[in-house]
Amino acid sequence: MKWSFVIQQKVKASLLLGGIMVVILLSALVSRMSLDNIDHSLSSIYQDRLVPTVDIVYLSEHLYSKRLLLEQGLEKNAATSWQELGKELSVHTHKIDSLLVEFQKTKLVEEEVKALNALKTHAQAYATLEQKIVRLAAQAAQEEGKQLFQSEGSQLFQQSIHRLSELTKIQSVVGQKLIKDSHTETYYCNLLSSLQIIITIIIGTIVVSLVVNSKIIRQDSQPFHLN
């Protein structure tokens, strides 16, 4: 009877340990997935949020530089060569195009795609208008160039800056969401780690109980001899 009881207890313990091992395995897999998600979020914060935000600053600098160059040329008529000024503007335009291409390679949400496409349209239109103004100024039609610069040029410039501001706001919102998701994943990792520690303690307790019970049964099963 005692051996039958021991066998029953061992079967129950084996089933319990098997279930616990399954729980540990599942929790380990979930923890690994959570860590992968955290790593992905951190990488995305840098590659898809921080780097593009820096690019937005450079885009803004190039737009303002072009605006200032053309404004100075028109106001002071100080451009020794309008053709040379056109080349300087083209250099900034090329850098803007390169930055936009790099920006487009990052992971974009739907709102970013719309804002970026609008920015590309405005920036291209503004660059085309700049070259038209330079040609007018070079042909002694400086007043007409000034009017274009102050009317349509000002509108396109403001639209480009507005799109840059919109992209900056989107970057901030998406970045905050990524950080929040990382905090959530970290919480679940800590929770699963605590669960694994508790399960380890339970397994240790069960093993100790089995060892103690086994010793007691062996002692009770020894034949009793009278002297």
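Source: prediction; values computed, not measured.
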From [atom1] ([X]) to [atom2] ([Y]), nearest 0.5 Å:
X    : Y    : atom1 : atom2 : answer
D55  : L100 : CG    : CG    : 9.0 Å
K146 : L70  : NZ    : CG    : 11.0 Å
Q155 : L129 : CD    : CG    : 10.5 Å
Y126 : S154 : OH    : OG    : 8.0 Å
S65  : K95  : OG    : NZ    : 9.0 Å
Q124 : L119 : CD    : CG    : 9.5 Å

Is there a chain of hydrophobic side chains (I, L, V, M, F, W, Y, each step under 4.5 Å between heavy atoms) that links [X] to [Y]?
X    : Y    : result
V91  : V134 : no
L69  : Y58  : yes
V113 : L59  : yes
I161 : V54  : yes

- Message: With ring pair (Phe, Tyr, Trp, His ring centres under 6.0 Å) as the rule and sequence neighbours excluded, what pairs involving residues 91-121 come up?
- Response: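 Found H62-H92.
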- Task: May I ask you to check whether E112 and Q171 show a side-chain donor-acceptor distance below 3.5 Å?
- Result: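 Note: E112 and Q171 side chains meet the donor-acceptor criterion.
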[X] and [Y]: which non-hydrogen atoms are nearest, and at how many Å?
X    : Y    : answer
I133 : G145 : CG2-O, 3.7 Å
Q131 : G86  : NE2-O, 3.3 Å
A123 : S160 : N-OG, 3.8 Å

Counting distance only, does the side-chain N/O of [X] pair as donor-acceptor with the main-chain N or O of [Y] below 3.5 Å?
X    : Y    : result
T106 : E102 : no
Q142 : L74  : yes
S60  : I56  : no

Heavy-atom check, side chain of [X] versus side chain of [Y], under 4.5 Å:
X    : Y    : result
K66  : I96  : yes
Q104 : V101 : no
E130 : F149 : no

- Task: With salt bridge (Lys or Arg N to Asp or Glu O under 4.0 Å) as the test, would you mind laying out the steps for R67 and E71 before giving the verdict?
- Result: CA-CA 6 Å; R67 185 75 176 173; E71 183 179 25; 5.8 Å; no
- Message: Check the orientation of F157 and Y64. Use parallel for under 30°, tilted for 30 to 60°, and perpendicular for over 60°.
- Response: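 Rings of F157 and Y64: perpendicular, over 60°.
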- Message: Set out, in order, the CA-CA distance, both residues' side-chain angles and the distance that settles salt bridge (Lys or Arg N to Asp or Glu O under 4.0 Å) for R163 and E166, then state yes or no.
- Response: CA-CA 5 Å; R163 293 304 180 184; E166 187 178 357; 2.8 Å; yes
- Which residues share a salt bridge (Lys or Arg N to Asp or Glu O under 4.0 Å) with K87, sequence neighbours left out: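 With sequence neighbours excluded, K87 shows a salt bridge (Lys or Arg N to Asp or Glu O under 4.0 Å) to no residue whatsoever.
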- Task: Give a yes or no on this: more than 12 heavy atoms of other residues, nucleotides or ligands lie within 6.0 Å of atom CD of E144.
- Result: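 Not more than 12 within 6.0 Å, no.
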- Can you sort out the partners of E88 under side-chain hydrogen bond (donor to acceptor under 3.5 Å, both in side chains), two or more places apart, ordered by chain and number?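 With sequence neighbours excluded, E88 shows a side-chain hydrogen bond (donor to acceptor under 3.5 Å, both in side chains) to no residue whatsoever.
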